[in-house]
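Order of appearance sets the numbers: ligands from 1, and atoms from 1 within every ligand.
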Amino acid sequence: MNAFRSIEWLDAGIVRMLDQRKLPHETIYNDYVSHTEVAQAIKDMVIRGAPAIGAAAAYGIALTTHHTGCETRDALISELDTAMEILGASRPTAVNLFWAIDRMKKRITDPSLDSVSALKEAVLTEAHSIAKEDVEINKSIGRNALSLIPDKATIIHHCNTGSLATVDYGTALGVIRTAHEQGKNVFALLDETRPRLQGGRLSAYELKEQGVPFKVIVDGASGHFMRTLGVDLCVVGTDRVAANGDVANKIGTYNLAVVAHENNVPFYVAAPTTTIDMATKHGDEIEIEERPPSEITHVRECQITPDGIEVGNPAFDVTPAKYITAIITEKGVVYPPFEESLAKLMR
Ligand code: MRU
């Protein structure tokens, strides 16, 4: 059990989020009462990580029903359409955002919900279900990965995919956590993950709390450690898995996968099936979010580059399926050829 919650619903109609921009040195919770505030919090990365973003969108929609002044079902549905549009424009790459909005939309348009009060109750219940299911799914991913982790293993992890990136427990970091909890002798090498340092700040914070042995390395050191130390496997999360097995994940994942391939290190992707997007045929169809230059030119308030320079800041990259050993989901582990195994899994 963690001492923190990435996101939670309070009965007064408040969504409370742990401000991940401030971690690990400050533990500050922000309260939100509208979908516009939640959309902004997602954009600003108060909350981040694909599954957590999905849950935040669902609760953002629930805030709209909770605080609505609409007196008719039709008026409320039109207000909710606007809310879903605003939330859907917050970050483009994580498919969980769109998955959660679609799921909420299906519930909202259920014709049997014929009053404002019925809609209010159903929307909140659905948001709670999304949040609750996420935790169970993550635990199953951890269990399904166990047979892939040697009893003694050095594991490279990129970005943050733990309790902070989900409602609780985590995907790829959850795999490491489960192995540790099950008595395996695991040691994690955490990529610090420039530019926002999700590895150095957030994954280190989580593994320290959980007592999992680790050290933080710079992103460019992974090849060195594979060649000299002997790394048993890499495990990462993802923001979107395409139907052919290409995955979008935090910038630097592609480099890591190529170096793992070169060193014969198995490269695993841990993902809930809510991150698998069968409508996206391959990775080049995935929109890659471009984030503000200040994330590169500055570390917190401190400018580290000369004035007036150009910066490229894609938040994600695409790792081609050919570099991926297996994708670990709550429904089981799938192997190449992913066109076939993913289609079967998602049927
Ligand atoms: O930009 P972020 O911090 O939202 O990126 C997060 C990642 O890339 C994670 O690896 C991914 O969302 C999976 S989280 C379980």
Side-chain angles (χ1 to χ4, degrees), residues 6-7 17-21 23 41-57 90-100 131 133-135 137-142 145 156-178 190-206 219 234-241 247-257 267-277 283 286-292 295-296 313-319 324 327-330:
S6 62
I7 182 162
M17 293 183 207
L18 177 55
D19 191 338
Q20 300 191 24
R21 299 166 305 177
L23 287 171
I42 295 172
K43 253 188 209 155
D44 294 343
M45 297 179 72
V46 170
I47 191 157
R48 28 73 43 209
I53 291 171
S90 56
R91 289 191 79 189
T93 307
V95 77
N96 303 60
L97 173 68
F98 308 101
W99 170 85
E133 287 164 24
D134 179 59
V135 185
I137 285 171
N138 295 335
K139 289 184 177 165
S140 300
I141 291 173
I156 297 189
H157 174 270
H158 193 65
C159 195
N160 171 263
T161 62
S163 296
L164 291 164
T166 58
V167 177
D168 204 358
Y169 208 79
T171 59
L173 212 60
V175 165
I176 296 173
R177 177 177 176 173
T178 308
L190 301 177
D191 277 357
E192 67 167 356
T193 319
R194 275 284 288 156
R196 294 193 66 107
L197 307 172
Q198 289 95 327
R201 294 188 304 110
L202 308 177
S203 295
Y205 171 76
E206 289 196 37
D219 301 352
C234 300
V235 62
V236 300
T238 169
D239 282 73
R240 193 184 295 229
V241 181
V247 304
N249 191 47
K250 180 52 53 193
I251 192 74
T253 303
Y254 174 38
N255 297 42
L256 181 63
F267 189 87
Y268 296 110
V269 175
T273 50
T274 51
T275 310
I276 299 171
D277 179 12
I286 301 173
E287 186 181 343
I288 300 294
E289 176 185 9
E290 182 74 23
R291 296 211 40 104
E295 291 184 347
I296 307 255
N313 188 14
F316 302 98
D317 58 25
V318 169
T319 299
I324 298 167
I327 301 174
I328 308 158
T329 78
E330 79 278 14

Worked verdict on Thr193 versus Asn160 for side chain to side chain contact (heavy atoms under 4.5 Å, CB included):
CA-CA 9 Å; Thr193 319; Asn160 171 263; over 6 Å; no

Can you find an N/O atom of Thr166 closer than 3.5 Å to an N/O atom of ligand 1?
no

Only one of Thr274, Asp239, Asp277 passes side chain to side chain donor-acceptor pair (under 3.5 Å) with Asn96; say which it is.
Thr274

State, yes or no, whether a side-chain contact exists between Val236 and Phe267 at a heavy-atom distance under 4.5 Å.
yes

Identity and distance of the protein heavy atom lying nearest atom 10 (O) of ligand 1:
Asn249 OD1, 2.6 Å

Considering distance alone, does some N or O of Arg48 sit under 3.5 Å from an N or O of ligand 1?
yes

Using only heavy-atom distances, determine whether the side chains of Gln198 and Arg48 contain a donor-acceptor pair under 3.5 Å.
no

Starting from atom 14 (S) of ligand 1, locate the nearest protein heavy atom and write down its residue, its atom name and how far away it is, to 0.1 Å.
Ala165 CB, 3.6 Å

Short question: side chain of Asp191, backbone of Gly199 - any donor-acceptor pair under 3.5 Å?
no

May I ask you to list the atoms of ligand 1 that are less than 4.0 angstrom from any heavy atom of Ala50?
12 (O), 14 (S)

Pairs of nitrogen or oxygen atoms closer than 3.5 Å, one from Gln198 and one from ligand 1: do any exist?
yes

In the protein, which heavy atom is nearest to atom 15 (C) of ligand 1, and how far is it?
Thr171 OG1, 3.1 Å

Less than 3.5 Å between some nitrogen or oxygen of Asp239 and one of ligand 1, yes or no?
yes

If we only count N/O pairs under 3.5 Å, is Lys250 in contact with ligand 1?
yes

Main chain of Ala248, side chain of Thr238: is a donor-acceptor contact present, judged purely on distance under 3.5 Å?
yes

Using atom types as modelled and distance alone, determine if a side-chain donor or acceptor of Arg291 lies under 3.5 Å from a backbone N or O of Ile296.
no

Side-chain donor or acceptor of Glu289 paired with backbone N/O of Phe316 under 3.5 Å:
no

Would you say that more than 12 heavy atoms from the other residues, nucleotides or ligands in this model lie under 6.0 Å from the OH of Tyr268, or not?
yes

Below 3.5 Å, N or O to N or O, backbone or side chain included: is there any such pair between Gly49 and ligand 1?
yes

Of the backbone atoms (N, CA, C, O) and the side-chain heavy atoms from C-beta on, which set of Thr238 has a member under 4.0 Å from an atom of ligand 1: side chain, backbone, both, or neither?
backbone

Checking heavy atoms under 4.0 Å, the part of Cys159 that sits near ligand 1 is side chain

Examine ligand 1 and decide if any of its atoms is less than 4.0 Å from a heavy atom belonging to Pro51.
yes

With a heavy-atom distance limit of 4.0 Å, tell me whether Met45 approaches ligand 1 through its side chain, its backbone, both, or neither.
side chain

Measure from the side-chain N and O atoms of Asn138 to the backbone N and O of Tyr169, and report whether any donor-acceptor pair falls under 3.5 Å.
no

Where on Arg91 is there a heavy atom closer than 4.0 Å to ligand 1, on the side chain, on the backbone, on both, or on neither?
side chain

